[in-house]
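Worksheet: one structure, shown below.
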Amino acid sequence: MSIVRETDTGWQSGMAKSITFIVTKDCQLACKYCYLVGKNVKERMSWETAKAFIDYVLSREDEFREESVVWDFIGGEPFLEIELIDKICDYLKLRMFELNHHWFNSYRFSFSTNGINYHTPDVQAFIKKNREHLSIGITIDGTEKKHDLNRVWKQAKADENGIIHPSERGSYKDVVRNIPLWLEQFPNAGTKVTISSADIPYITESVLHLYSLGIHQVNINVVFEDVWQEGDDLRFEEQLMTLADEIIEHGYYRDYACSFFSEHIGKPMDPERDNQNWCGAGKMLAVDAAGNLYPCTRFAQYSLRSKKALIIGNIRDGINYNLLRPFLTLDRTTQSPQKCLDCEVASGCAWCQGENYDAAQTSTIYERSTAICLMHKARVRANNYYWNKLFRKLELEGRREEYENNKRDVKPEIC
Amino acid sequence: MMQYLVILLDDTSVSYCHADNPYSVRRLIGLNDLRAGILFAMKQNLMIQFVYPDYELPQEYLDLIDTIDHHDIKPWYAGASPADVTVFDKSVLAGVSPVNQGVAVLRLTKAELFENVEAIGKILLKMQRLNIVVTDIETITDEELKSYAAVLEGLASVLKDEYLAGRMPQLNLLTDRMMLDRPNHCNAGVENITLAPNGRYYLCPAFYYSNPDDSIDPQDIRNQQLLRLDHAPLCRHCDAYQCRRCIWLNRKTTLEVNTPSREQCIVAHTEREASRQLMAAIREQAVFMPEVEIKELNYNDPFEVRKEW
Ligand code: SF4
Ligand code: SF4
Ligand code: SF4
């Protein structure tokens, strides 16, 4: 084992096609930062739609040539539809086998869940049945206080348009009771934490709290939306430095990882060599309850504030490949403003194609939103501090070389 | 750099490009809007291209137009006065004898083109320059592409004989690629913008035709960089120089102004290949533009080879 952990790369990262079923737009929670602006209780996927989609994809092996596949289930909260999901997964396995599809030996079912229904018999039965092919991430935001700031239950009733609104009741206790079971079943599982302006003061305690719950991998990022207030970057930097001190002082770096700290961020980028797109939109495929297809779930109407859904086809007519061309030819330089091309700390500064589209002045995916600019720069400063401090410590302990020899090659995570 | 201002004088002004003009009711541009457009062009140093309807304009319009150096784009109709660019539709194929003057634009559907190669060949002989605009190119199928290649082959043989006889009529689809050493894209929104009869500005007439709410601020075009070639990931690597790289078709088919559809690319590459073959055929019998080389390609959609860049 390496003595310093960093972010795990995704399963078969880069070679796997990610195919997402938006099984429901309903959720028990109504998180305040949730990008799903149009969550509602009405749109649930039917079995007929799911089956038609599976038949569409699996009958086109020549169009979907990636070595592996991740069948991804999201919502709302996907486990609200466990019965449907179970049926979908059974059918997928059966059809991949019957068709002798090259994905049969290389597939995974993946879930991002709020964890509330994790312990229920149906979900547990599903997990036991598919154990070898599962990744499940439970989202927990940190301490009770931090978690409950945003991750609140929805109001008992949706409004007249079927739209869900938040209540005041936090969900921490309902999630955390399932963490031991989850970690027992998936000891290497990680959690995803999303930071918005109001969360900044709680970052350090939250990450440490997650470590204390036994979660070794904390994937954390700031929201891409333009929510930042003046001074947030400095507060953020301060929090990350405190976190760095804690991780180094208590030796957490040996067994735990926090994706905020990475050796690979904060460097200038070459316009030609480092020109690839950050986000995987377009290489993924998502389907919703109406049978519409999207380059990524972020382009479905319920994820968009100000733009029209970007639908690239449907299960009846298939994919309109002309609509995928812009996604598949996107590169970093074409969509970035000059300041990003000249930026001294550009590496690791992420974007989300869906948010770019939503925030753009015209209807385009080619205008990079830089709402996180100051936050990235703050992260880079704290990150530099972390590595300088850690390396010095390792050197003084005579363990730097051991670290260098054992360190894993870590690629930046894509969304 | 912005160089041209296209002014549509009337809602029924002739369409000279890909999009059909959906307006059939006459509505002249207001005199004040016309005056403002002319003033704008003077201050921005833009050459105006006036686009006319198929009727005689009132004298006050003609007088105002006369106050500035300009080009005229007019529809062909009996009694129309000469223009820098004359736009014909399929009626010209039925035996009308167009005058040999300026540039002629011939707007046709695929079907009209496929069925009239001979007539087009004859018209070509009477012209100095013919621009053929196929108005439904975005729906071309692989089967139709073969017919398109056959049409180009037929027209190339007409041109070959002309060139060998020392005459040099130009046909955009075949001779432009031979003559050009850099792209000759439409460059709407970068080199030219359009003033419509409603007094508002557009990237080009097609944007007005398809959605009058799609207007622009001519002094501050949002995301203008995306209209430039250096922001078009496929086109900036492409040498089908005769291609119009139509940003309106781009947006219509791929939703992005900087990304062409497969159809636009395969059509342009079929033209490029036909130009290459025409050049080779002429060279078999004469020394012809020895400094120009059009390489043979093994693809007709640059998207297929994007990973090699
Ligand atoms: S958004 Fe800011 S930090 Fe990120 S690459 Fe651009 S200039 Fe650099
Ligand atoms: S963008 Fe240019 S080529 Fe396309 S319709 Fe408009 S004027 Fe014509
Ligand atoms: S052929 Fe295609 S890639 Fe080339 S300039 Fe035309 S539209 Fe662009």
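None of these values were measured; they are calculated from a predicted model.
At most 12 heavy atoms of other shown residues, nucleotides or ligands fall within 6.0 angstrom of atom CD in B:Glu153. Environment of CD in A:Gln361: crowded, with over 12 heavy atoms of neighbouring residues, nucleotides or ligands closer than 6.0 Å. Environment of CZ in B:Arg182: sparse, with no more than 12 heavy atoms of neighbouring residues, nucleotides or ligands closer than 6.0 Å. Enclosure of atom NZ in A:Lys267 by more than 12 non-hydrogen atoms of other residues, nucleotides or ligands within 6.0 angstrom is indicated.
Highest contact tally toward chain A, considering only B:Arg222, B:Arg306, B:Gln225, is held by B:Arg222 [criterion: heavy-atom pairs under 4.5 Å]. The candidate from B:Leu255, B:Leu234, B:Asn250, B:Asn258 with the greatest count of non-hydrogen atom pairs under 4.5 Å with chain A is B:Asn258. Ranked by non-hydrogen atom pairs under 4.5 Å with chain B, the options A:Ala360, A:Ser363, A:Pro326 are led by A:Pro326.
Here CG of B:Leu226 is found 10.0 Å from CD of A:Gln335. Values are rounded to the nearest 0.5 Å. In this structure, CD in B:Glu256 is found 8.5 Å from OH in A:Tyr357, a value given to the nearest 0.5 Å.
Side chains of A:Thr334 and B:Arg236 form a contact here, defined as non-hydrogen atoms less than 4.5 Å apart. A heavy-atom distance below 4.5 Å is found between the side chains of A:Thr329 and B:Phe303.
Donor-acceptor pairing under 3.5 Å is lacking for the side chains of A:Thr362 and B:Arg251.
Residues of residues 184-210 of chain B lying under 4.5 angstrom from chain A, judged on non-hydrogen atoms, do not exist here. Contacts between residues 259-273 of chain B and chain A, counted as heavy-atom pairs separated by less than 4.5 Å, involve B:Thr259, B:Pro260, B:Ser261, B:Arg262, B:Glu263, B:Cys265.
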From CA spacing to verdict: side chain to side chain contact (heavy atoms under 4.5 Å, CB included), B:Asp301, A:Arg325: CA-CA 11 Å; B:Asp301 179 1; A:Arg325 284 163 77 99; 2.7 Å; yes
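Heavy atoms of A:Glu367 lying under 4.5 Å from chain B belong exclusively to its side chain. With a threshold of 4.5 angstrom between heavy atoms, A:Ile365 approaches chain B through its backbone and through its side chain.
Annotation for A:Leu323 and B:Thr253: closest pair CD2-O, 3.4 Å, computed over non-hydrogen atoms.
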